[in-house]
Structures are given as structure tokens and as C-alpha cells.
Amino acid sequence: MDIVDKIIENINYLGAIALFVIGLRIVVLHSNLIKRIMGLNIMGTGVFLFFVSIGNVTGGVPPIIYPDSSGAVYINPIPSVLILTGIVVVVSITVYSLSLVIRIYENYETIDQKELSRLISEEANDH
Amino acid sequence: MIIEQLPIINLLLFLLMALFIPLLKRKPFKITLILGFVVLGLVFISSVYLLWYVNNVGIIIYTFGGFEARFGIEFVVDPFSALFTTIIAILAAIIYIYSSGDATDGIEKTEYGRYYILLFLLLMSMFGILYTNDIFNTYVFIEILSITTCAIISIKKKKDTYTSAFRYLMMNELGSLSYLIGVALIYMATGYTNITLIGESMSNAFQAYQLNIVIALGFMIIGLGIKAAVFPFHIWLPDAHSSAPSTSSAILSAIVIKVYILVFVKVLFRVFNLEILNEMSISTILLILAGVGMIMGSVFAIAQKDVKRMLGYSSVAQMGYILLGIGLLSFEGLRAAFFHILSHGLMKTALFLSVGEIIFYKKTRKVNDFDGLGFIMPVAMGVFSIAALGMIGLPLTSGFISKLNLGMAVLDKNQTIFLVILIISSLLNVIYYLPIIISAFLKNEKYHYRLESIEKTPRTMIAPLILLGLLIIVVGIFPNQIMVFIESAVRSVMP
Amino acid sequence: MNDIIIKNITRIVIPFAQIYGIFVILNGHVSPGGGFAGGAIIGTSLILYTLVFGREKGRKKFSHKASEIAETGGILIYVIVGLIGLVVAGRFLTNLGAGFPEGVIGNIISGGMIPILMIGIGIKVASTMISLFNLLIDEAI
Amino acid sequence: MVILNVVIVVFLILCALAIGKIKDLLGAVILFSAYSLMMSVLWLILKTPDVAITEAAIGAGVTSILFFAVISKTKRYEK
Amino acid sequence: MRKFLSNVLFIILFIVLAYSIMQMPTGANVFVPSYNEIARHYLENGATETNASNIIAAILADYRGFDTLNETIVLFTSVVAVGSVLRSTKYDKELRDHE
């Protein structure tokens with residue numbers, strides 16, 4: 001079973017892509033605003049998983065160097081660093097969009113995109 | 001050497017200004033304004049000096065922490081980044097003076113402090129994007145830019161700004177994450193994040209992993225295309241730009257989307273190279289997107305009744321012009337595109353600021369209400385007319401020069417069909433701009449407005465408008481002096 | 001919430017959580033962890049306090065003014081450290097070349113400016129988390 | 001170790017799909033925090049403890065609390 | 001119908017991406033292109049150049065320290081942005097009383 005071996009070997013990449021696509025689907029197709037933000041988070045973690053899998057080394061150890069640990073194989077540290085930055089960025093975006101959701105709910109009494117567009121077009125016709 | 005430190009000092013000046021605004025909260029607001037103006041002036045002087053320096057002495061490479069460039073993060077100031085940071089500094093200073101005229105429409109007084117914090121962070125991120133030579137660092141700067149652009153829309157506490165800001169944020173994030181996965185694929189194939197090093201190893205990587213590089217380029221193009229409002233991804237733009245406060249609209253439409261297209265240029269020509277682009281026939285795709293955008297943007301603009309929405313759709317069409325120049329992948333094309341970035345920046349700023357003044361005093365955004373305005377607000381309407389004529393492409397304005405260059409670049413590549421599209425698009429521009437000018441200057445006003453309102457207009461609002469009008473004409477009459485800098489910028493991007 | 005069990009357990013837990021957060025920040029350069037993680041742990045403990053004891057008490061523990069100072073302070077530490085490098089060694093954010101204490105590798109005092117920057121990041125992240133939470137729940141609809 | 005890795009990835013994908021399907025937003029947030037926690041376990045398996053700690057604190061902790069706060073301000077059920 | 005079509009589209013996107021990834025050097029070993037001289041340099045000399053034993057912290061706060069500065073700025077921006085959207089009315093009142 002060659003294909004199964006191949007899938008298991010690349011499971012992290014495949015998972016990362018799957019999460020990216022699922023997140024994209026939630027952001028694009030879902031009409032609930034909070035769900036869309038969650039989709040964005042899922043997309044983000046998908047990309048991060050992709051990054052971290054690049055740096056992974058089978059049998060490696062985390063890149064913390066002790067004087068007596070010579071000979072160990074370390075994983076690639078760069079992707080981890082990039083991800084640490086990325087996680088915090090996604091949180092900031094999430095919070096800002098959540099604050100917008102609160103305001104939208106306050107003004108329109110709904111957090112559903114379809115209903116929202118209906119209300120907005122009605123308002124535009126009134127004027 | 002102090003000159004080497006100037007790029008980082010520019011960024012730190014913006015950052016420290018933003019950090020100190022909350023501390024000045026209890027002081028009168030005028031102090032903040034003057035301090036901000038001093039900061040902008042210093043940055044402007046240093047960017048002009050850098051522009052002179054890189055064109056006459058040599059490019060500046062600055063590495064953080066004293067490490068080699070490949071281990072740390074690198075700033076590169078070359079004719080390209082120096083030119084566009086100078087343009088941004090000029091436009092930002094003009095918009096800043098205008099906004100200090102106490103007429104940032106729709107923003108509450110208590111929010112002024114936050115508005116200027118966001119403005120300076122926005123400027124900082126744009127300067128950083130242009131200076132940096134690291135694709136991941138670019139991503140982080142892009143995220144600062146995304147949050148600040150959305151925030152200067154939603155700062156106007158209106159119902160519709162929240163929804164349009166939310167939509168803009170979602171689109172922006174899709175763009176950023178697409179860009180980030182492009183970065184991941186490139187990192188996977190080459191192992192670098194420094195743009196110069198990637199560019200050197202890209203040909204080998206392309207030989208080995210062709211499909212992946214194509215996908216990476218696709219993700220990056222789509223991601224930056226969403227942010228730059230390239231035609232099929234423009235849907236967020238009209239809402240966002242029309243509901244924002246006038247000064248924010250000017251910044252968004254005149255500067256921010258241009259910055260994304262400049263990142264686009266950097267990615268196309270520095271991360272990837274001309275051989276790969278030709279092999280993938282990316283030119284055709286870009287040209288088709290540009291052509292459709294040029295026509296459809298103008299057609300949508302004709303249908304609008306709201307002035308600011310109309311200007312927003314007009315931006316979509318103008319991004320098509322810029323993309324056309326880039327898509328030709330030739331020296332002339334890129335030159336025309338860069339010149340159009342400058343001239344469209346000037347014209348769109350003038351249009352949005354003059355419309356902002358009209359909205360501020362007349363409280364109307366309907367195109368039909370502009371009758372007779374030329375007599376009541378001669379300065380605003382005059383500048384509006386100059387800029388609109390520039391958009392149409394009349395001689396003696398900067399718009400004419402950019403269209404001329406674009407037409408010649410198109411002919412140079414034997415793409416005659418795009419010349420036809422260019423002319424059609426200009427004619428469509430005539431359809432939506434000219435009636436406004438005619439009705440403003442030739443029709444009698446429907447209602448009577450008191451003439452005193454003109455006198456109340458603060459000088460800080462009038463002066464930037466006049467300056468912009470003059471700049472449009474000066475650039476249109478003496479384009480050669482600026483062309484020198486633009487040509488060296490093109491040469492630094494496209495070897 | 002007016003539950004005596006939750007209140008007492010929170011009282012016991014929070015100091016440990018905060019000490020753990022400080023530990024994670026200070027040990028960032030010798031063990032896994034660092035400013036982001038530690039700052040988030042401290043921020044979460046403050047959020048827990050606000051959730052259990054109410055906004056009023058939470059505000060008293062971490063007032064608006066304090067959070068404002070912490071927010072700008074976190075970045076200012078970073079910028080000042082960077083500027084020291086710029087002045088002394090001619091490059092922004094220079095570490096050992098700018099004369100930050102080298103220390104012995106593996107000790108708490110080592111790595112030059114890295115622990116200082118980690119403290120700055122920690123302060124920044126913790127204060128951001130708590131003030132964002134306060135902003136979100138304070139919103140009066 | 002490989003089997004654990006595969007199981008966790010499958011769990012993550014199922015969680016993500018469930019977040020898309022579920023109508024109750026509160027349930028979605030709970031699923032999301034389980035998702036983040038699993039993610040941090042996966043990052044331990046991939047030997048990046050720094051990211052794992054940060055994800056556990058920020059993703060599973062702070063983000064979920066903020067989602068809860070917003071849902072308590074708005075609607076719980078999608079319709 | 002529309003939902004079905006879009007689902008098919010997303011599945012196609014997944015398959016294309018997965019297929020392209022399979023062509024890449026995905027093995028979790030030290031011979032992939034990303035494990036190049038830069039990563040090796042960090043692991044071999046990072047500890048002596050920065051005197052921190054956690055290489056991730058060394059890169060985060062030293063080699064790529066500027067990224068981290070930007071990222072704290074992102075946090076600052078988000079606080080300002082959220083504050084501009086949601087300002088607790090109570091805090092407003094405090095401010096007004098103060099003035």
C-alpha cells in the first residue's frame with residue numbers, strides 16, 4: 001500500500017491543507033459572522049501547522065542547547081519563530097473583528113450576513 | 001554613519017509619535033497636531049535626502065543587530081523604495097494638514113487622538129513594507145496595515161461603517177493568509193525569507209518544484225490582488241472607501257492600495273524573476289484582469305449616485321491602468337505604471353479631499369446636488385475639476401502624461417487591443433466626470449446657500465487643495481524631472 | 001458570581017498562575033516559553049480574577065491608567081533597548097555587541113538583551129489581553 | 001508516535017468540520033477550544049514546545065474567553 | 001445545488017494542493033531544502049553569538065528581533081482599534097468628569 005504510506009508520511013501537510021480549505025469554506029460560505037471569524041482562526045492554524053511541519057525532523061529534539069547535549073539532531077527553529085509571531089497577529093485580528101461584531105449586533109440586532117445585507121438594502125431604498 | 005540609520009529613524013519617529021499621543025491626552029490637542037506635523041516634516045526631509053542619496057551615491061543596505069543579512073532582517077533603500085516613500089510622505093503631509101482643519105468629517109472629538117495614533121502607525125507600516133527586504137517581515141507589516149486601515153474606517157461611528165469595515169477586514173485577512181501560505185511554500189522550496197537570496201535560488205527551485213512555485217505565485221497574486229482591489233476582488237472597495245471619513249478615504253484610495261501593488265511588483269520582479277514569469281505566461285492573465293477592470297470599474301462608476309462610491313469605483317478602474325502597465329512586463333510598461341501611481345495618488349487625493357470639503361459644508365453626497373457649486377465653493381470645485389480633467393486625461397495634467405506613456409508602452413508590445421480599451425475607458429471617465437463639472441459651473445443652484453460658508457473654511461483646508469491642484473498641473477507640464485527618478489526606480493526593480 | 005468555593009479556589013490559584021507566568025517569561029531564553037506565553041498566562045489569570053470577582057474589583061487590581069502605561073511601556077522598553085544598540089554599536093537591536101551583560105550560558109542572567117526584551121513583550125501581551133477583555137465585556141449595550 | 005499524530009490530525013479535521021456544521025455557537029466555541037488544545041498537543045509532538053505553550057495559553061485560553069464574552073453579548077443560536 | 005458546487009470546488013482545491021505538496025521534499029529529515037545553512041548556523045553558532053540556550057528565543061528576540069517589535073506593535077494597534085470601536089461608556093464618563 002504505497003499511497004497509504006505516502007499519506008501517513010505527509011499527514012501533517014495534508015492536515016494543514018485540509019484545515020486551510022475547511023477554514024476558507026467557513027469564511028466564504030457561512031453567513032454567521034462569529035462562525036466566519038472562527039473559520040479565519042482555523043485557516044490561520046492550518047497555515048501555522050504547515051509552517052511547523054516544514055521544520056520538523058524525525059527523531060529531532062527541540063532547539064534548546066545544553067552544553068552536554070552534543071550530537072543531538074535539532075529541528076529547524078525558524079518556522080517556530082515565524083509561527084510565534086503569527087499566532088499573536090491572528091489573535092489581534094480576531095479581537096478587532098469581534099468588537100465589530102458587537103457593534104453590528106447593537107445596530108442591526110443580527111449577526112447573520114444574509115439578513116444584514118437585506119436590512120442594509122432596505123435602508124438604502126428608504127432614503 | 002547617520003545616513004544609514006535614516007530608514008529606521010523614520011520608522012521610529014512615526015512609532016514614537018503614535019506612542020506619545022496618549023500621553024498628551026490632557027494637553028490641548030494643538031500640541032499633538034504640531035508635533036505630528038514636525039514628525040511628518042522630518043520624515044519628509046529625510047526621505048527626500050535618501051532619494052537624492054540613493055540616486056547619486058548608492059543604495060543603502062541596513063541589517064538589524066549587525067548580523068549578516070541572511071541571518072537577520074534587512075532593510076534595503078534603493079531608488080524604488082526611496083521614490084515611493086517620498087511620494088507617500090508628500091501625500092500624507094498634505095492629507096495631514098487638511099485633516100488638522102478640524103473637519104475630519106464624522107469623527108467624534110474624543111476619537112481624534114486615536115485617529116492620529118492609527119494614522120501614524122499606518123504610515124509606519126507602509127514605510128516598513130517598502131524598506132524591508134524580507135517576505136515574512138513584509139507579512140507582519142501588512143497585518144499592521146490591515147488593522148489600521150480597517151480601524152480608520154470604523155472610527156466613524158456610523159451603522160454602515162461597521163459592516164463595511166468587517167467585510168473589508170475579512171477580505172484583508174483572506175489576502176494576508178493567502179500571502180502567508182505563499183511565503184510558506186517559498187520557504188519550503190528555497191529555505192530563505194530574504195528576498196535577494198530567494199531571487200538567487202528561485203531558478204533552481206523552479207526547475208525542481210515547478211508546480212509548487214506556480215501555486216505559491218498564485219496564492220501571492222490572489223492575496224495581494226484582494227488587498228489591492230484588482231478587478232474580480234474589488235467588491236469590498238466601494239463600501240469601504242465610501243463609508244470612511246473623507247481623509248481616510250483619501251489615504252485608502254490614494255496610498256494604501258498602491259502600497260499593496262508595490263509589494264506585488266516586488267514579489268513579481270524580485271522574488272520571482274522575468275524568466276519564470278514569461279514561462280508561466282503570467283502576463284496574459286494580468287493583462288486580461290487589467291482590461292476587464294478598466295472597463296468594468298468605469299461602467300460601475302457611471303451607475304453611482306453617491307460621489308464617494310463613484311470615486312471608489314473609479315479607483316478600481318485606475319488600478320486596472322496600473323496593472324496594465326505592470327502586466328506588460330516591460331521597461332516602458334513599468335515606467336508608465338509607476339508614473340500613474342504618482343499621478344493617480346495626487347488626483348485621487350485631490351478628488352476625495354475636495355469632495356470631503358463639499359460634504360462637510362453642504363451635507364450632501366448626491367452627484368445631482370452639485371449644481372452651481374462652482375460659484376459657492378470655487379476652490380474646492382476648481383481643484384475637483386482639475387483632478388477630474390486629469391482623470392479623463394486632458395493635456396497639461398499629470399493624467400495625460402501617464403496615459404500617453406501607457407499607450408506607448410502598449411504599442412511597444414503590440415497589444416493594440418489594450419490601446420482601444422484604454423481609450424474606451426477614458427471616454428467612460430468623461431461620461432461620469434464631465435457632467436459634474438458642467439453642472440457645477442454652468443447650472444444655477446437649486447437651493448440658496450448663504451455665501452458666508454466660504455469664509456468659514458479654514459485655511460488649513462484650502463491650502464492643501466490648492467497645493468494639490470498646482471502639483472497636478474506642474475507634474476503634467478514638467479514630467480521629465482520626475483521621470484528621471486522613476487526610470488532609476490524601474491531599473492532597480494527590473495535589471 | 002457569588003460562589004464561595006470558586007472565590008476561594010481562585011484566590012489560591014491566581015498567585016500560582018502569575019508566578020508561573022513570571023517564571024515562563026524569565027526563563028524564556030533557557031527553556032521553552034518566553035514573553036508571549038508568559039504574558040498570556042498572566043493575562044489569563046487577571047481575566048480569571050475579573051470573571052470571578054466582578055469588574056469593579058478587577059478594575060481596582062489593574063486600572064485603566066495602569067494598563068495604558070503598561071501598553072506603551074512594553075513597546076518603549078523594546079525601542080529603548082534597540083536605541084541603545086543603535087547608539088553604542090551603530091545598529092538597531094544589537095545584542096552582545098552593545099555591551100549587554102553576557103552572563104553564563106544556561107543561567108537566568110545570560111543572553112544579553114533577550115531577557116529584557118522578553119520582559120517587555122510579557123508586559124505588553126499581559127496588559128493587552130486584560131485590557132482587550134475589559135473592553136469587550138465593559139461594552140454597555 | 002506516528003499513529004498518535006495521525007489520530008490527532010484526523011481529530012482536528014473532524015473538529016473543524018463540526019465547527020462548520022453546529023448550530024449552537026456556544027458549542028462551536030467549546031469545540032474550538034478543544035481544537036486549540038489538540039493543536040498544542042500536536043505541536044508538542046512536532047517538538048516545538050514554545051509554540052505549544054503559546055497556543056495553549058492564547059488559542060485555547062484567551063481566544064475562547066473572548067468568543068464566550070461576545071456570544072454572551074449577542075445571539076447564542078444560529079438560525 | 002450551489003452548495004454542492006462550491007463543496008466540489010473546495011475539494012478540487014484540496015486535491016490540487018495535496019497533489020502539489022506530494023511533489024515537494026516533505027520528508028521530516030535534515031536533507032530538505034529548508035534545513036539549509038541558515039538553520040544550521042543558528043543551531044551551531046546561535047548559542048555563542050547570543051548567549052541564550054533556547055535558540056528559538058535567540059532568533060525571536062535577537063536575529064529577528066525587529067519582527068517581534070512589529071508584532072508588539074500589532075498588539076498595540078489592536079488595542080487602539082478595539083478601543084476606537086468599543087469604548088466603555090463608563091470610562092468615557094470618567095474622562096469627561098476629569099476634564
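First the proteins, then the strands, lettered A, B, ... as listed; each starts at 1.
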Next on the checklist: So for A:T85, is it side chain, backbone, both, or neither that comes closer than 4.5 Å to the heavy atoms of chain B?
Outcome noted: side chain

Checklist entry - With no hydrogens and no angle check, is any side-chain donor or acceptor of B:S178 less than 3.5 Å from a backbone partner on B:I222? => result no

Checklist entry - So, for B:F64 and B:F75, is the gap between ring centers shorter than 6.0 Å? => result yes

Checklist entry - Under the 3.5 angstrom rule, does the side chain of B:Y168 hit a backbone N or O of B:T149 as a donor-acceptor pair? => result no

Checklist entry - Given that the side chain runs from C-beta out, which part of B:F166 has a heavy atom under 4.5 Å from chain A: side chain, backbone, both or neither? => result both

Next on the checklist: Below 30° counts as parallel, above 60° as perpendicular, anything between as tilted: where do the rings of B:F231 and B:F300 land?
Outcome noted: parallel

Checklist entry - Under 3.5 Å, side chain of B:W236 to main-chain N/O of B:I226, donor-acceptor pair present? => result yes

Checklist entry - Is it true that the side chains of B:D306 and B:S242 contain a donor and an acceptor less than 3.5 Å apart? => result no

Checklist entry - Between A:L24, A:V101, A:V28, A:I78, which residue shows the highest count of heavy-atom pairs closer than 4.5 Å to chain B? => result A:I78

Checklist outcome for this item: Max heavy-atom pairs within cutoff under 4.5 Å with chain A, candidates B:L174, B:I144, B:D160, B:T161, goes to B:L174

Checklist entry - Given a strict heavy-atom distance threshold of 4.5 Å, which part of A:I120 is in contact with chain B: side chain, backbone, both, or neither? => result side chain

Checklist entry - Tell me, side chain or backbone of A:L82 under 4.5 Å from chain B's heavy atoms, or both, or neither? => result both

Item to check | Part of B:L169 within contact of chain A (heavy atom distance under 4.5 Å) | outcome: side chain

Next on the checklist: I'd like to know which of A:Y96, A:F20, A:F50 tops the heavy-atom pair count under 4.5 Å against chain B.
Outcome noted: A:Y96

Checklist entry - Any donor-acceptor pair under 3.5 Å linking the side chain of B:S176 with the backbone of B:E143? => result no

Next on the checklist: Looking only at heavy atoms and a cut-off of under 4.5 Å, which of A:L40, A:V27, A:V47, A:I93 has the most pairs with chain B?
Outcome noted: A:I93

